[in-house]
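Residue indices begin at 1 and follow the sequence shown.
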Amino acid sequence: PPRRPGAEDLMADDGSAREAKLTQYLLEAHGKEKELEVALEAHIGMTTRAPYKKRLTEHLKETRQHSRLLEKQIKKVNSKAASNRTKATSQANKLIATAKGPLHSIRGNSENEKMLKNAKTEYFNEPEAIATYTAIEALATELGDKDTAKMAKQIRRDEERMAGFLEKQIPILTRQMVKEEIPASERKSGSNGSSRRSAGKSSKSSRKKSTSSSRKSSGKKGRAKSAA
């Protein structure tokens, strides 16, 4: 796969270590956003649960907006490196995501399990995005670039909201998958059935002990009367 540009590559275009490092981090983030665009488009096409599909569609719009913000910021930071490198990085990441798409469409035994697996993948990606923009915000702050820091903070908050949504959505999709794939007679029956059997055995044992004790007590009373 094509190698992503590092700071040493970008310095050849600009000569400034500050701008090269900022550009490197912004390009990496831009490439990831482009990859996520393709993945979200594929997942939306597989999603039938209305609230989940609506939120994915909203996040796709956010992701596209993130890409535009990053492109704009890259041009501000390093206009010489921006055009060609942005296109090359985004195309490489789109190719990666496109290759993964067909694999996502065949995983899972049911419709709900496909959605669940997609949600898990999306949730898996969110911490990386949050970490990426946390780092960009800190880097830009250290280098005195208030605009880049503000942009990174804005995008990070979008990613945090999406992570919160997915965290709540995954248990819902799991329950739906269970209803679709597991017969009602088998849901929660394993532990409850064992408990009932255990309780039944315990009750029988208690009755046996009680009966045995009563017999022994009656026998002692009878012997006591005979002795008298």
Donor-acceptor pairs are to be reported for all side-chain atoms of residues 172-179 against protein atoms at under 3.5 Å, with residues two or more places apart or in another chain.
residue: Thr174; atom: OG1; partner: Ile170; partner atom: O; Å: 2.7

Ionic contact status for Glu160 with Arg157, cut-off 4.0 Å: no
Honestly curious: do Leu36 and Leu56 fall in one hydrophobic cluster under the side-chain, below-4.5 Å linking rule? no
Residues at least two apart in sequence or cross-chain that pass side chain to side chain contact (heavy atoms under 4.5 Å, CB included) with Ala163, listed by chain then number, are Tyr123, Glu126, Ile130
Between the CD1 atom in Ile136 and the NZ atom in Lys153, the distance rounded to the nearest 0.5 Å is 15.5 Å
Sequence neighbours excluded, which residues qualify as salt bridge (charged side-chain N to carboxylate O under 4.0 Å, His left out) partners of Glu180? none
So how far is it from Lys34 NZ to Thr63 OG1, rounded to the nearest 0.5 Å? 10.0 Å
Side chains of residues 139-149: which donor-acceptor pairs under 3.5 Å do they make with residues two or more places apart or in other chains?
residue: Thr141; atom: OG1; partner: Glu137; partner atom: O; Å: 2.7
residue: Asp145; atom: OD1; partner: Asp147; partner atom: N; Å: 3.4
residue: Asp145; atom: OD1; partner: Thr148; partner atom: N; Å: 3.0
residue: Asp145; atom: OD1; partner: Thr148; partner atom: OG1; Å: 3.2
residue: Asp145; atom: OD2; partner: Thr148; partner atom: OG1; Å: 2.8
residue: Thr148; atom: OG1; partner: Gln73; partner atom: NE2; Å: 2.9

side-chain hydrogen bond (donor to acceptor under 3.5 Å, both in side chains) partners of Glu41, counting only residues at least two apart: Arg64
Ignoring hydrogens and geometry beyond distance, is a side-chain donor-acceptor pair present between Thr132 and Glu28 at under 3.5 Å? no
Sequence neighbours excluded, the answer for side-chain hydrogen bond (donor to acceptor under 3.5 Å, both in side chains) partners of Gln65 is Arg68
What residues, two or more places apart in sequence or in another chain, satisfy side chain to side chain contact (heavy atoms under 4.5 Å, CB included) together with Lys72? Lys76
Would you please say whether a donor-acceptor pair under 3.5 Å links the side chains of Glu181 and Ser110? yes
Can you tell me how far apart CG (Asn118) and CD (Glu113) are? Round to the nearest 0.5 Å. 11.0 Å
Determine whether Lys114 and Lys117 satisfy the following criterion, side chain to side chain contact (heavy atoms under 4.5 Å, CB included), listing intermediate values before the conclusion. CA-CA 5 Å; Lys114 281 182 183 179; Lys117 287 182 178 292; 6.0 Å; no
What residues form a side-chain hydrogen bond (donor to acceptor under 3.5 Å, both in side chains) with Arg161, not counting sequence neighbours? Asp158
To the nearest 0.5 Å, tell me how far Met115 CE sits from Gln169 CD. 8.5 Å
Do Val38 and Leu40 share a hydrophobic cluster (ILVMFWY, side-chain heavy atoms under 4.5 Å, transitive)? no
Would Tyr133 end up clustered with Val77 when hydrophobic side chains under 4.5 Å apart are linked, directly or stepwise? yes
Closest non-hydrogen atoms of His30 and Ser67, given as atom of the first, atom of the second and distance, are CD2-O, 3.5 Å
Let me check something: do Met162 and Leu116 share a hydrophobic cluster, defined by ILVMFWY side-chain heavy atoms less than 4.5 Å apart, either directly or through other members? yes
For a 4.5 angstrom cut-off between non-hydrogen side-chain atoms, does Asn125 reach Lys32? yes
Criterion side chain to side chain contact (heavy atoms under 4.5 Å, CB included) on Leu70 and Met151, from CA distance to verdict: CA-CA 8 Å; Leu70 286 161; Met151 178 209 67; 3.7 Å; yes
Distance col, row Asn78:CG vs Leu22:CG, nearest 0.5 angstrom, shows 9.5 Å
Electrostatic pair Glu159-Arg156, nearest N-O below 4.0 angstrom: no
Residues at least two apart in sequence or cross-chain that pass side-chain hydrogen bond (donor to acceptor under 3.5 Å, both in side chains) with Glu167, listed by chain then number, are none
Please table the atom pairs, donor to acceptor, closer than 3.5 Å between any side-chain atom in residues 48-55 and protein atoms at least two apart or in another chain.
residue: Thr48; atom: OG1; partner: Glu111; partner atom: OE2; Å: 2.8
residue: Tyr52; atom: OH; partner: Ala119; partner atom: N; Å: 3.3
residue: Tyr52; atom: OH; partner: Glu122; partner atom: OE1; Å: 2.7
residue: Tyr52; atom: OH; partner: Glu122; partner atom: OE2; Å: 3.2
residue: Lys53; atom: NZ; partner: Thr47; partner atom: O; Å: 3.4

With distance as the sole criterion, is a donor-acceptor pair present between the side chains of Glu62 and His59 under 3.5 Å? yes
